[in-house]
Amino acid sequence: FSRRDKSIPTAAWDVPFNTPGYDIVDERGFTELKYSNRFTPSIAVESKGAFDYYGYTAEYPYIENRTGENAFSRWAGLKTQLTWDIETRNRLTAGVEFARTFSSDYAFWTVDSTIIHFLADYSTITGFVQDEWQISDQLCLGFGLRYDHQSGMASSMAPRASLIYIPASQTSVKLLYAEGFRNPSPNERFYFDPTSDFKISEGLRPERIASLDLTAEHAFTDQMTVKV
């Protein structure tokens, strides 16, 4: 658990310089439990469970009126991963993950009323699989696939692939392809501000990206490496 108390003298957000009471407090706490076991020389399982908490409070002592904002979130998750060396040159990794956000709470207020307030809770289920195949001493091929489903959002599928060629011990060439995504946060989905006509962003979809990388690397010495 960690807590940080900070006073702001620098006139941020138009609060006058060196105003007493311009304070920010943020907190973060978590606990984690991990289990791992190698059942056979070729099969290993690892499981991890965690509970997290985050809190943020800020007060803005304007001359005309004191305002503030609070943000609190509590979530927990469980992840299990299996690693299986099918043969000497072939490793399969697969796993599932479940995460539950019990509350994601935000409020912006004045001493007279609450101007903005939203509360969200949601669950996320993830499954992934990756296969790495050492075709030869110089060539390695990998494939992976990840599936995510978050309550209230569309499901997403993200593939990836890699081809690594090592013609010499000091040289490697890598061809990498990957797709990724990011679901909008509760703040991006639900934030609004009636004082500035900032409206709720309805119907937000995940951000998506696809990348293709080709890199070559050569180590001339232990101290000098060139990468392009």
Side-chain angles (χ1 to χ4, degrees), residues 1-16 19 21-32 48-62 64-79 96-128 146-158 178-211:
F1 178 83
S2 64
R3 174 187 169 105
R4 182 178 63 170
D5 295 74
K6 186 177 181 181
S7 296
I8 310 296
T10 55
W13 301 107
D14 296 326
V15 176
T19 301
Y22 188 0
D23 300 317
I24 292 176
V25 178
D26 59 351
E27 302 172 329
R28 175 69 192 273
F30 74 94
T31 182
E32 182 179 277
K48 183 186 298 184
F51 177 82
D52 290 76
Y53 161 80
Y54 178 75
Y56 174 87
T57 300
E59 293 193 16
Y60 311 110
Y62 295 106
E64 303 84 2
N65 192 11
R66 177 179 291 270
T67 66
E69 59 182 343
N70 304 321
F72 300 99
S73 186
R74 296 180 299 112
W75 67 98
L78 178 64
K79 178 181 178 180
V96 293
E97 183 175 0
F98 175 78
R100 173 66 180 172
T101 298
F102 303 105
S103 65
S104 182
D105 192 350
Y106 175 82
F108 181 78
W109 47 266
T110 69
V111 293
D112 300 319
S113 63
T114 298
I115 300 175
I116 306 168
H117 180 246
F118 59 81
L119 177 64
D121 65 281
Y122 53 93
S123 300
T124 303
I125 299 175
T126 301
F128 59 91
R146 177 187 174 100
Y147 169 81
D148 284 80
H149 175 75
Q150 180 177 308
S151 54
M153 299 293 297
S155 301
S156 296
M157 194 84 73
E179 294 183 12
F181 70 96
R182 186 185 72 86
N183 281 322
S185 67
N187 187 68
E188 293 168 330
R189 294 175 63 190
F190 304 119
Y191 181 84
F192 68 98
D193 186 354
T195 64
S196 62
D197 293 329
F198 194 103
K199 301 183 184 299
I200 293 178
S201 302
E202 298 181 356
L204 279 181
R205 294 178 294 178
E207 297 178 7
R208 298 184 181 276
I209 186 172
S211 64

Checklist entry - Donor-acceptor pair, Ser7 side chain versus Gly21 backbone, under 3.5 Å? => result no
Checklist entry - Would a 4.5 Å heavy-atom cut-off, applied to side chains only, mark Phe98 and Thr124 as touching? => result no
Checklist entry - Do the side-chain N and O atoms of Thr126 and Asp148 include a donor-acceptor pair separated by under 3.5 angstrom? => result yes
Checklist entry - Ring centroid separation for Phe128 and Tyr147, is it under 6.0 angstrom? => result no
Next on the checklist: Exactly one of Ile125, Thr101, Asn183 should register a side-chain contact (heavy atoms from CB on, under 4.5 Å) with Gln150. Which one does?
Outcome noted: Asn183
Checklist entry - To the nearest 0.5 Å, what is the distance between NE2 (His117) and CG (Asn70)? => result 9.0 Å
Checklist entry - Do Asn65 and Val111 touch side chain to side chain, with heavy atoms closer than 4.5 Å? => result yes
Checklist entry - Any donor and acceptor pair, going by atom type alone, linking the side chain of Ser151 with main-chain N or O of Ser123 inside 3.5 Å? => result yes
Checklist entry - To the nearest 0.5 Å, what is the distance between CD (Glu179) and CE (Met157)? => result 11.0 Å
Checklist entry - Where do Ile200 and Phe192 come nearest, in terms of heavy atoms and distance? => result CG1-CB, 3.7 Å
Checklist outcome for this item: For Ser155 and Arg208 the tightest heavy-atom approach is O-NH2, 4.0 Å
Checklist entry - Going from CD on Glu59 to CH2 on Trp109, what distance comes out if it is rounded to the nearest 0.5 angstrom? => result 4.5 Å
Next on the checklist: Could you measure the distance from the OH atom of Tyr22 to the OG1 atom of Thr10? Nearest 0.5 Å is fine.
Outcome noted: 7.0 Å
Item to check | Contact check, side chains of Lys48 and Glu32, non-hydrogen atoms, under 4.5 Å | outcome: yes
Checklist entry - Is any side-chain heavy atom of Pro206 closer than 4.5 Å to a side-chain heavy atom of Met153? => result yes
Checklist entry - Could you walk me through whether Phe30 and Phe51 pass the ring pair (Phe, Tyr, Trp, His ring centres under 6.0 Å) check? => result CA-CA 5 Å; Phe30 74 94; Phe51 177 82; over 10 Å; no
Next on the checklist: As an exercise, state the distance from OH of Tyr106 to OG of Ser73, rounded to the nearest 0.5 Å.
Outcome noted: 14.5 Å
Item to check | Audit row: Ile8, Tyr60, side-chain contact (heavy atoms from CB on, under 4.5 Å) steps and yes/no | outcome: CA-CA 10 Å; Ile8 310 296; Tyr60 311 110; over 6 Å; no
Next on the checklist: Test side-chain contact (heavy atoms from CB on, under 4.5 Å) on Tyr191 and Phe108; report intermediate values, then the result.
Outcome noted: CA-CA 10 Å; Tyr191 181 84; Phe108 181 78; over 6 Å; no
Next on the checklist: How close do Phe102 and Ala76 get, counting heavy atoms only, and between which atoms?
Outcome noted: CE1-CB, 3.7 Å
Next on the checklist: With side-chain contact (heavy atoms from CB on, under 4.5 Å) as the criterion, how do Phe72 and Tyr54 come out once you've worked through the C-alpha distance, each side chain's angles and the decisive distance to 0.1 Å?
Outcome noted: CA-CA 6 Å; Phe72 300 99; Tyr54 178 75; over 6 Å; no
Checklist entry - Phe181 and Ile209: side-chain contact (heavy atoms from CB on, under 4.5 Å), yes or no, with the steps? => result CA-CA 6 Å; Phe181 70 96; Ile209 186 172; over 6 Å; no
Item to check | Asp26 and Arg28 ion-paired at < 4.0 Å | outcome: no
Checklist entry - Under 6.0 Å from the CZ atom of Arg205, do we count more than 12 heavy atoms belonging to anything else shown? => result no
Checklist outcome for this item: CG (Asp23) and CG (Asp5) are apart, to the nearest 0.5 Å, by 8.0 Å
Next on the checklist: With a sphere of 6.0 Å drawn around CG of Asp14, does it hold more than 12 non-hydrogen atoms of other residues, nucleotides or ligands?
Outcome noted: no
